[in-house]
Amino acid sequence: MENLQKKIESLLFVSNKPLSVKALAKFLEAKEADVITAADELIQARAENGVIVLKADEGYQLATASELSELVKNFLNADLREKLTEATVEVLAIIAYRQPISKAEIEAIRGVNSQYSIRALLMRGLVEKIPNPNDARSNVYRVTTEFLQHMGITSVNALPLFEELVKQIQLPEVPQAKAEGTEESENI
Amino acid sequence: MENLQKKIESLLFVSNKPLSVKALAKFLEAKEADVITAADELIQARAENGVIVLKADEGYQLATASELSELVKNFLNADLREKLTEATVEVLAIIAYRQPISKAEIEAIRGVNSQYSIRALLMRGLVEKIPNPNDARSNVYRVTTEFLQHMGITSVNALPLFEELVKQIQLPEVPQAKAEGTEESENI
Amino acid sequence: MHKIKIQQFEGPLDLLLSLIEDQQLDITQISLATVTEQFLKYVKELTELDPTSLADFLSIAARLLVIKSKAILPTLEIEEAEEETGEDLAAKLVLYRQFKEVAKHLKKLDMQGQQSFTRETVFSQRVSFFPDPEVSPDALRDSVLKVLQGLKELDNLPKAQIREAISIQEKIDSLQIMLSRQIETKLSDVLKTAKNKPEVIITFLALLELIKQRIFIVEQTELFTEITIKQYEKTDRESEVEIINSNPA
């Protein structure tokens with residue numbers, strides 16, 4: 001198993017894009033479950049290093065530790081990333097906590113056409129469009145490893161729980177049950 | 001000291017060439033002796049990993065473990081020999097019909113971040129990067145002569161419907177207020 | 001009453017939230033009814049400012065009107081309302097507000113500017129020449145045609161929305177012409193002329209505006225019966241039923 005970890009790490013190092021569990025399993029001729037176990041152990045093992053492993057739905061990727069961002073930015077002479085606008089960050093929040101989610105579902109939550117915000121996020125590589133697993137004719141959106149890089153976190157699991165963030169914001173008294181029902185009806 | 005290790009590791013990771021003790025010490029504002037100690041400890045700590053630290057005359061550098069070199073080579077070859085994805089063909093097509101064209105323009109036309117596709121095309125020798133004739137700080141892309149020869153044509157003008165399609169590929173107009181977030185964030 | 005700020009809202013729910021929060025109200029059906037008028041005032045300004053997002057605002061405006069109407073006329077039956085009630089809208093608003101809170105958190109992460117970097121430089125160099133045998137000039141042409149299709153759809157999007165959003169003023173004019181030809185008409189007949197949902201909404205808005213300006217009045221003789229629309233006359237004052245009060249209930 002340790003050997004699998006090493007192999008995964010070396011491939012992530014030379015790959016020019018995030019590698020999915022499927023791609024890793026196929027290339028390493030290993031079971032997907034084993035790849036997941038090994039990769040998760042790798043994430044743990046590297047968590048305190050200067051180079052860490054990011055995990056998004058699209059796959060795994062190596063990146064510098066976010067607390068070193070200032071240093072690396074200066075070293076690369078990289079420009080500050082442009083800050084997100086209100087609209088794009090709203091859409092991003094919905095996608096991050098409800099992914100995979102369709103455009104229609106995003107717009108139902110925001111009550112407004114979100115085409116341009118979604119496009120802006122796609123262009124920045126913070127989200128990506130994939131075929132809807134339940135209906136191949138339509139698409140759904142999810143966040144990418146670029147989103148993790150941008151936010152300085154290692155996986156969407158590193159985000160605070162939705163319930164934790166919004167516990168102050170509930171419907172008053174009786175209609176509460178209704179609100180919960182609404183939430184559940186939209187697929188997480 | 002552990003902190004210095006982390007910093008060294010992160011810089012070696014993003015650097016495209018080996019880094020000398022001198023360069024590291026200068027950039028990290030540390031004593032050369034401390035850099036050497038930290039770097040040597042890092043070499044020890046990473047010795048059994050999939051990605052290791054190498055020390056040569058010209059400095060330190062990250063590399064895949066030597067016993068995995070066969071695996072890595074096969075992986076890179078397989079990746080390069082694979083069929084181009086639909087997204088990558090799209091980028092290639094846009095470059096062919098609209099060259100020379102910048103990354104930002106390609107992304108505005110497609111509405112999707114295109115860094116992986118562009119990189120894949122560069123690595124495979126299908127497109128090349130040249131300085132932007134209008135702005136020396138940025139780059140533009142064009143297809144390689146080799147690729148044109150491979151397709152059996154001598155110039156992009158010989159592509160089907162060239163005149164007609166070139167005129168039609170316009171950058172979309174995005175409403176001003178909503179366009180803020182769309183600007184290029186990565187510097188490639 | 002608060003003055004309406006003419007500023008950019010991220011959509012009708014954003015506007016609605018800000019109106020409710022300005023008055024420090026909870027998100028309830030009653031507070032929705034309370035801010036309805038301010039909401040409509042904003043939407044009227046919007047018709048001149050930004051027609052592209054009008055359709056989104058109008059659909060919420062219509063729901064608010066139903067809520068407001070029901071608050072004043074508990075017996076009022078409007079078919080459109082059956083899809084979603086005031087409770088639904090309140091729940092929706094709560095959910096939206098929750099996501100605004102989540103967005104605030106992401107914004108904080110964004111502002112911290114802590115980010116990770118991947119390796120980009122090393123492998124952007126050419127390794128060798130590896131063409132894909134299937135990529136022919138025709139394949140490139142097809143791919144460009146597909147991209148062009150996508151661009152066309154993007155361009156058409158705002159235009160399609162504008163087309164949908166027939167102006168309220170136009171509707172007001174046509175309703176006035178309609179009632180100048182006949183003494184009275186029925187609400188159901190007026191709504192029947194609407195070709196689609198946005199037009200139903202606009203008809204409603206136009207009607208309410210006319211009632212508010214005391215150009216039209218509406219009457220309902222008995223519970224659950226047809227609502228009649230007439231030109232305003234002084235003698236009708238006693239039987240007048242105002243759907244919109246100039247002051248919040």
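Every chain is numbered from 1 and lettered A, B, ... according to where its sequence line falls, protein lines coming before strand lines. The basis for the numbers below is simple: all heavy atoms, side chains too, and nothing from hydrogens, waters or symmetry mates.
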Report task. Give a yes or no on whether Gln149(C) atom CD has more than 12 heavy-atom contacts from other residues, nucleotides or ligands under 6.0 Å away. Result -> yes
Report summary line: If one checks every heavy atom of Leu161(B) against chain C at 4.5 Å, the contacting part turns out to be side chain
Query raised in the report: Would you say Arg81(B) and Phe130(C) make side-chain contact, with heavy atoms under 4.5 Å?
Result: yes
Report task. Say whether, by atom type as modelled, one donor and one acceptor occur between the side chain of Arg119(C) and the main chain of Val14(B) under 3.5 angstrom. Result -> no
Query raised in the report: Once you round to the nearest 0.5 Å, how far does CD of Gln170(B) lie from NZ of Lys152(C)?
Result: 14.0 Å
**Report entry** Check: Leu80(B) and Ser128(C) side chains under 4.5 Å, non-hydrogen atoms
**Finding:** no
Report task. Ignoring hydrogens and angles, tell me if any N or O in the side chain of Asp132(C) forms a donor-acceptor pair with the backbone of Leu84(B) under 3.5 Å. Result -> yes
Report summary line: dist Met123(B):CE -> Phe129(C):CZ (nearest 0.5 Å) comes out at 15.0 Å
Report summary line: Between Met151(B) and Ser136(C), the two heavy atoms sitting closest are SD-C, 3.9 Å
Requested in this report: Could you look at Tyr97(B) and say if it's the side chain, the backbone, both or neither that has a heavy atom under 4.5 Å from chain C?
Outcome: side chain
Requested in this report: Identify the two heavy atoms, one from Phe117(C) and one from Phe13(B), that lie closest to each other, and give their separation to 0.1 Å.
Outcome: O-CE2, 3.5 Å
**Report entry** Residues of residues 138-145 of chain C within contact distance of chain B, non-hydrogen under 4.5 Å
**Finding:** Asp138(C), Leu140(C), Arg141(C), Ser143(C), Val144(C), Leu145(C)
Query - Between Ile153(B), Val127(B), Thr88(B), Ile109(B), the one whose heavy-atom pairs under 4.5 Å with chain C are most numerous - result: Ile109(B)
**Report entry** Side chain / backbone / both / neither for Asp79(B) at chain C, heavy atoms under 4.5 Å
**Finding:** neither
Query - Note, Ile169(B) side chain near Val147(C) side chain (heavy atom, < 4.5 Å) - result: no
